[in-house]
Amino acid sequence: MCLSVPGKVISIENETALVDVGGTSISVGIQLLEEVSLGDYVLIHSGFALQLISEEDALAQLELVRAMKG
């Protein structure tokens, strides 16, 4: 099963973004997206940002992940 998680872009350097995922910062590649800006929410899978998503959708998905953790 593949799972992508949402995160908020907090910094960008070249083709790598630092993304906050529920309080944890991770580096992800942003080469697969045409344009990414600070504050955007992205879906992340296997170390790459795959898609821009709305803040509302990102927060709902993060809440679902938290609920799954128990």
Side-chain angles (χ1 to χ4, degrees):
M1 179 173 121
C2 297
L3 178 66
S4 60
V5 294
K8 183 177 183 178
V9 176
I10 54 177
S11 71
I12 298 173
E13 184 173 328
N14 299 319
E15 294 185 338
T16 302
L18 189 62
V19 179
D20 178 80
V21 179
T24 301
S25 299
I26 60 172
S27 293
V28 300
I30 55 174
Q31 300 92 332
L32 302 176
L33 298 176
E34 289 186 21
E35 185 174 331
V36 178
S37 301
L38 294 179
D40 282 347
Y41 283 86
V42 294
L43 277 180
I44 304 158
H45 179 70
S46 297
F48 290 92
L50 301 178
Q51 177 182 352
L52 291 172
I53 62 172
S54 71
E55 180 177 4
E56 178 182 20
D57 287 346
L59 296 178
Q61 290 182 28
L62 284 171
E63 185 57 34
L64 180 60
V65 170
R66 283 187 196 102
M68 290 171 44
K69 286 182 169 179

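Throughout, numbering of the chain's residues begins at 1 and tracks the sequence. All values below come from the heavy atoms of this structure, side chains included, with hydrogens, waters and symmetry mates left out.
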Quiz item: Between His45 (side chain) and Leu3 (backbone), is there a donor-acceptor pair under 3.5 Å?
Solution: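 Yes, the answer is positive, given that a donor and an acceptor are paired below the 3.5 Å cut-off.
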Quiz item: Taking the side chain from Ser54 and the backbone from Asp57, do they hold a donor-acceptor pair closer than 3.5 Å?
Solution: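 A pair under 3.5 Å: yes.
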Measure the spacing between [atom1] of [X] and [atom2] of [Y] and express it to the nearest 0.5 Å.
X	Y	atom1	atom2	value
Leu18	Lys8	CG	NZ	12.5 Å
Glu55	Leu62	CD	CG	10.5 Å
Ile44	Leu50	CD1	CG	9.0 Å

Quiz item: Going by side-chain heavy atoms closer than 4.5 Å, which hydrophobic residues are tied to Val65, directly or by a chain of links?
Solution: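 Grouped by the 4.5 Å side-chain rule, Val65 forms a cluster of one, so the answer is none.
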For [X] versus [Y], what's the shortest heavy-atom pair and its separation?
X	Y	value
Ile10	Val19	CG1-N, 4.2 Å
Asn14	Ile12	O-CG2, 3.9 Å
Pro6	Ala58	CG-O, 3.5 Å

Measuring only between side-chain heavy atoms, which start at C-beta, is [X] closer than 4.5 Å to [Y]?
X	Y	value
Gln61	Leu43	yes
Asp40	Leu38	no
Ile53	Val42	no
Phe48	Ile30	no

